[in-house]
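Any value given below was found using the heavy atoms of this structure, including those in side chains, with hydrogens, waters and symmetry copies removed.
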Amino acid sequence: MDTTADPGAARPASSALTERQEARRRRILQASARLAGRGGFDAVQMREVAECSQVALGTLYRYFPSKVHLLVATMQDQLEHLHATLRRRPPAGDTASARVAETLMRAFRALQREPHLADAMVRALTFADRSVSPEVDQVSRQTTAIILDAMGTPDPTPGQLAAVRVIEHTWHSALITWLSGRASIAQVRTDIETACRLIDHTDPGPGGAS
């Protein structure tokens, strides 16, 4: 298991990358997803990721100090692509809670199609320590944005944000229990739909939709 970090490495911030650096980062994330999709967490070895993405190993560590950093960033990247797909084909439910439940089940089915990749990313989130907080925060923000878009709520109230946090926790927990074989897809759907009903008990924001 290759989780060794280079403590002296200075990571380039993704928002400050040049076009060439962004292309390099994209190749790294694609290589990570391919390797994880084939063999899960243990298949993602930093040296092999470097070879597959055609970057030097030292360069890879400057972008991602460990495998956990890399796989959490891979999850954020996968969620970003999912968000773009959802914007092109938004959920059609009559209520905010129904739209969010449909959206999260679509996200779940997308992960279900690549269980090794899903397992690798979720395991990385579970292993993440404080040093991975920026990457974990990006995953959380991306998930929150997906949920708020489905709700149709650009300006959420504190109560709505609290409900979103509970829904997000439930979704991640449902992924873990399904991946470990402790929950069926039907149980996952029930848990997600139950959590999403919290939205119906919050006050709508100025731009909210019920």
Side-chain angles (χ1 to χ4, degrees), residues 11-17 19 21-22 25-26 29 33 69 71-113 118 121-122 124-126 128-178 185 187-210:
R11 274 182 287 167
S14 60
S15 59
L17 296 180
E19 185 175 340
Q21 289 171 328
E22 181 57 44
R25 185 177 186 273
R26 171 68 42 207
L29 292 172
H69 287 83
L71 281 168
V72 173
T74 301
M75 184 168 194
Q76 192 276 331
D77 187 60
Q78 294 291 311
L79 288 172
E80 191 174 302
H81 286 296
L82 174 67
H83 197 180
T85 299
L86 291 167
R87 281 172 167 163
R88 289 193 295 271
R89 292 191 301 112
D94 293 332
T95 64
S97 59
R99 291 192 297 273
V100 172
E102 179 190 337
T103 292
L104 293 180
M105 284 307 300
R106 283 169 63 181
F108 178 80
R109 285 192 293 271
L111 292 171
Q112 186 186 6
R113 287 192 288 272
M121 295 187 301
V122 170
L125 276 178
T126 303
D129 59 20
R130 190 167 296 180
S131 72
V132 199
S133 291
E135 289 82 1
V136 173
D137 288 346
Q138 286 277 13
V139 168
S140 180
R141 282 194 289 270
Q142 190 69 60
T143 308
T144 297
I146 289 171
I147 293 171
L148 290 176
D149 268 10
M151 288 171 62
T153 308
D155 189 16
T157 66
Q160 287 173 324
L161 287 175
V164 168
R165 285 194 296 272
V166 173
I167 293 166
E168 182 181 336
H169 295 326
T170 301
W171 186 67
H172 285 147
S173 178
L175 274 177
I176 291 170
T177 54
W178 174 74
I185 296 173
Q187 288 172 310
V188 168
R189 177 180 288 279
T190 297
D191 289 350
I192 288 174
E193 290 178 346
T194 300
C196 288
R197 282 197 284 273
L198 286 172
I199 296 169
D200 298 332
H201 301 288
T202 59
D203 294 328
S210 59

For the residue pair [X] and [Y], establish whether any side-chain heavy-atom pair is separated by less than 4.5 Å.
X	Y	answer
Leu148	Pro156	yes
Ile147	Met151	yes
Leu29	Gln78	no
Pro90	Arg99	no
Met105	Arg189	yes

If we ignore hydrogens and angles and just use 3.5 Å, is the side chain of [X] paired with the main-chain N or O of [Y] as donor and acceptor?
X	Y	answer
Thr177	Ser173	yes
Thr85	His81	yes
His201	Ala163	no

If you round to the nearest 0.5 Å, how far is [atom2] of [Y] from [atom1] of [X]?
X	Y	atom1	atom2	result
Ile167	Thr143	CD1	OG1	12.0 Å
Thr126	Leu175	OG1	CG	10.0 Å
Leu71	Glu135	CG	CD	11.5 Å
Arg141	Thr144	CZ	OG1	9.0 Å
Asp155	Gln160	CG	CD	8.5 Å

Arg109, CZ: over 12 other non-hydrogen atoms inside 6.0 angstrom
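It does: Arg109 CZ has more than 12 such atoms within range.
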Closest approach of [X] to [Y] (non-hydrogen atoms, all atoms of both residues):
X	Y	result
Ala107	Leu82	CB-CD2, 3.2 Å
Ala118	Leu111	CB-O, 3.8 Å
Trp178	Val188	CB-CG2, 3.9 Å
His69	Ser131	NE2-O, 3.2 Å

Sole candidate of Asp149, Val100, Thr103 that passes side-chain contact (heavy atoms from CB on, under 4.5 Å) when paired with Pro91:
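Result for side-chain contact (heavy atoms from CB on, under 4.5 Å) with Pro91: Thr103.
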Is there a salt bridge (charged side-chain N to carboxylate O under 4.0 Å, His left out) between Arg106 and Glu102? Walk through the geometry before answering.
CA-CA 6 Å; Arg106 283 169 63 181; Glu102 179 190 337; 3.7 Å; yes
Quick one: do the Ser97 and Asp200 side chains pair a donor with an acceptor below 3.5 Å?
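A pair is found: one side chain offers a donor N or O, the other an acceptor, under 3.5 Å apart.
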